[in-house]
There are 2 protein chains.
Amino acid sequence: MTYSKTENFDQNSRDIAKVCKALAHPARIAILKYLAEQKVCISGDITTEIPLSRTTVSQHLQELKNAGIIHGEISGTRVNYCLCKENVEMVKSLLNGFLENINKNTVECKK
Amino acid sequence: MTYSKTENFDQNSRDIAKVCKALAHPARIAILKYLAEQKVCISGDITTEIPLSRTTVSQHLQELKNAGIIHGEISGTRVNYCLCKENVEMVKSLLNGFLENINKNTVECKK
DNA sequence: GTTTTATGTCGCAAACATACGACATTACTA
DNA sequence: TAGTAATGTCGTATGTTTGCGACATAAAAC
């Protein structure tokens with residue numbers, strides 16, 4: 001009865017919320033930054049760069065993969081992760097479009 | 001013991017994650033869109049525009065307020081909410097900076 | 001002063017997210 | 001084919017979010 005009424009909102013709002021949800025944890029931001037820093041796609045030894053257990057990092061990677069932001073390519077026992085050009089650009093234009101849109105009717109708030 | 005190790009990540013990553021968290025629900029996106037549509041700041045009768053109870057909408061408004069994205073001004077029994085120019089722009093540049101940054105080392109993923 | 005109107009806050013229940021140890025899987029290596 | 005290394009998945013404990021009814025508050029209307 002309670003919870004999860006997301007289907008009552010329009011697709012664009014849900015898309016934006018979904019992308020933001022994927023980015024809504026510092027570990028995932030740190031992972032993305034790390035991937036962006038590397039010349040080559042890097043495997044799951046991201047663990048050594050992130051102060052979390054391997055299991056947890058793996059889960060965060062799955063979430064980023066589900067959101068389509070990263071991509072993992074199997075190579076032997078390793079998995080090479082990388083940022084997906086198309087999807088990162090999709091995210092960029094989705095968020096930019098939204099922020100540009102709401103930026104039209106803002107008000108000065110001294111606060 | 002478990003959970004919430006966010007303090008182990010750098011400030012920028014936490015800031016980005018925080019903003020994204022505020023945007024990580026379709027209701028909040030819908031609320032922001034609605035606010036952007038209005039000529040004047042609109043009070044909590046946003047309820048009629050959003051398929052959720054007044055209580056829940058009120059809570060989402062609080063979250064957006066906490067994130068500094070909107071601002072509520074009391075006027076009698078009403079509260080006029082509006083988008084904060086400075087903060088919306090702050091969010092824009094924060095997210096743009098990050099996305100621009102990670103966009104440098106992406107890879108074509110046919111998928 | 002009582003009623004109405006617009007809001008916010010509390011407390012609860014259900015759903016979801018986070019973190020991790022233990023186990024399973026898969027491929028390379030000797 | 002046994003051993004190791006890199007990963008993923010499961011189960012569990014705990015914290016957080018979502019959604020709402022019920023109550024509290026406070027200004028305006030009468």
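Side chains included, hydrogens not; waters and symmetry mates left out as well; all remaining heavy atoms used. Chain naming here is simple, since letters A, B, ... match the order of the sequence lines and numbering starts at 1 in each.
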At less than 4.0 Å, is any side-chain N or O atom of [X] found next to OP1 or OP2 of [N]? Yes or no.
X: B:Lys21; N: D:dT16; value: no
X: B:Ser58; N: C:dT7; value: no
X: B:Arg28; N: D:dT18; value: yes
X: B:His60; N: D:dG19; value: yes

Interatomic distance, [X] [atom1] vs [N] [atom2] [rounded to whole Å]:
X: B:Lys65; N: C:dG8; atom1: NZ; atom2: C1'; value: 9 Å
X: A:Asn66; N: C:dC16; atom1: CG; atom2: P; value: 15 Å
X: A:Asn8; N: D:dG19; atom1: CG; atom2: C1'; value: 12 Å
X: A:Leu52; N: C:dA17; atom1: CG; atom2: C1'; value: 13 Å
X: B:Gln62; N: D:dC20; atom1: CD; atom2: P; value: 17 Å
X: B:His25; N: C:dA15; atom1: NE2; atom2: P; value: 15 Å
X: A:Ile46; N: D:dG8; atom1: CD1; atom2: P; value: 9 Å
X: A:Asn80; N: D:dG8; atom1: CG; atom2: C1'; value: 16 Å

| remark: Per-nt protein contacts along nucleotides 21-30 of chain C (heavy atom under 4.0 Å; B base, S backbone sugar-phosphate only, - none) come out as BB----BS--
| Considering only D:dC20, D:dT7, C:dA6, which nucleotide approaches the side chain of B:Thr56 most closely? |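 The answer is D:dC20.
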[X] side chain vs [Y] backbone, donor-acceptor pair below 3.5 Å:
X: A:Asn87; Y: A:Gly68; answer: yes
X: B:Ser53; Y: B:Thr56; answer: yes
X: B:Arg28; Y: B:Lys21; answer: yes

| request: Please say whether more than 12 non-hydrogen atoms of neighbouring residues, nucleotides or ligands are located less than 6.0 Å from CD in A:Glu73. | output: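 12 or below, so no.
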| message | Counting only heavy atoms not in A:Lys18 (residues, nucleotides, ligands), do more than 12 fall under 6.0 Å from its NZ? | response |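 Not buried by this count: 12 neighbours or fewer within 6.0 Å.
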| Co-membership, hydrophobic cluster, residues A:Ile70 and A:Met90, 4.5 Å side-chain | no
| Are B:Leu94 and B:Ile69 grouped together when hydrophobic residues (ILVMFWY) are joined by side-chain heavy atoms under 4.5 angstrom apart? | yes
| message | Between B:Glu89 and B:Lys85 (salt bridge meaning N to carboxylate O under 4.0 Å), is one present in this structure? | response | yes
| Polar side chain donor-acceptor pair, B:Ser93 to B:Asn96, under 3.5 angstrom | no
| query | Which comes earlier along DNA chain D counting from the 5' end, the contact point of A:Tyr81 or that of A:Phe9, where each point is its nearest nucleotide? | reply |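 Its nearest nucleotide being more 5', the pick is A:Tyr81.
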| At what angle, to 10 degrees, do the two end axes of the helix from C:dG1-D:dC30 to C:dA30-D:dT1 meet, given five pairs define each axis? | 10°
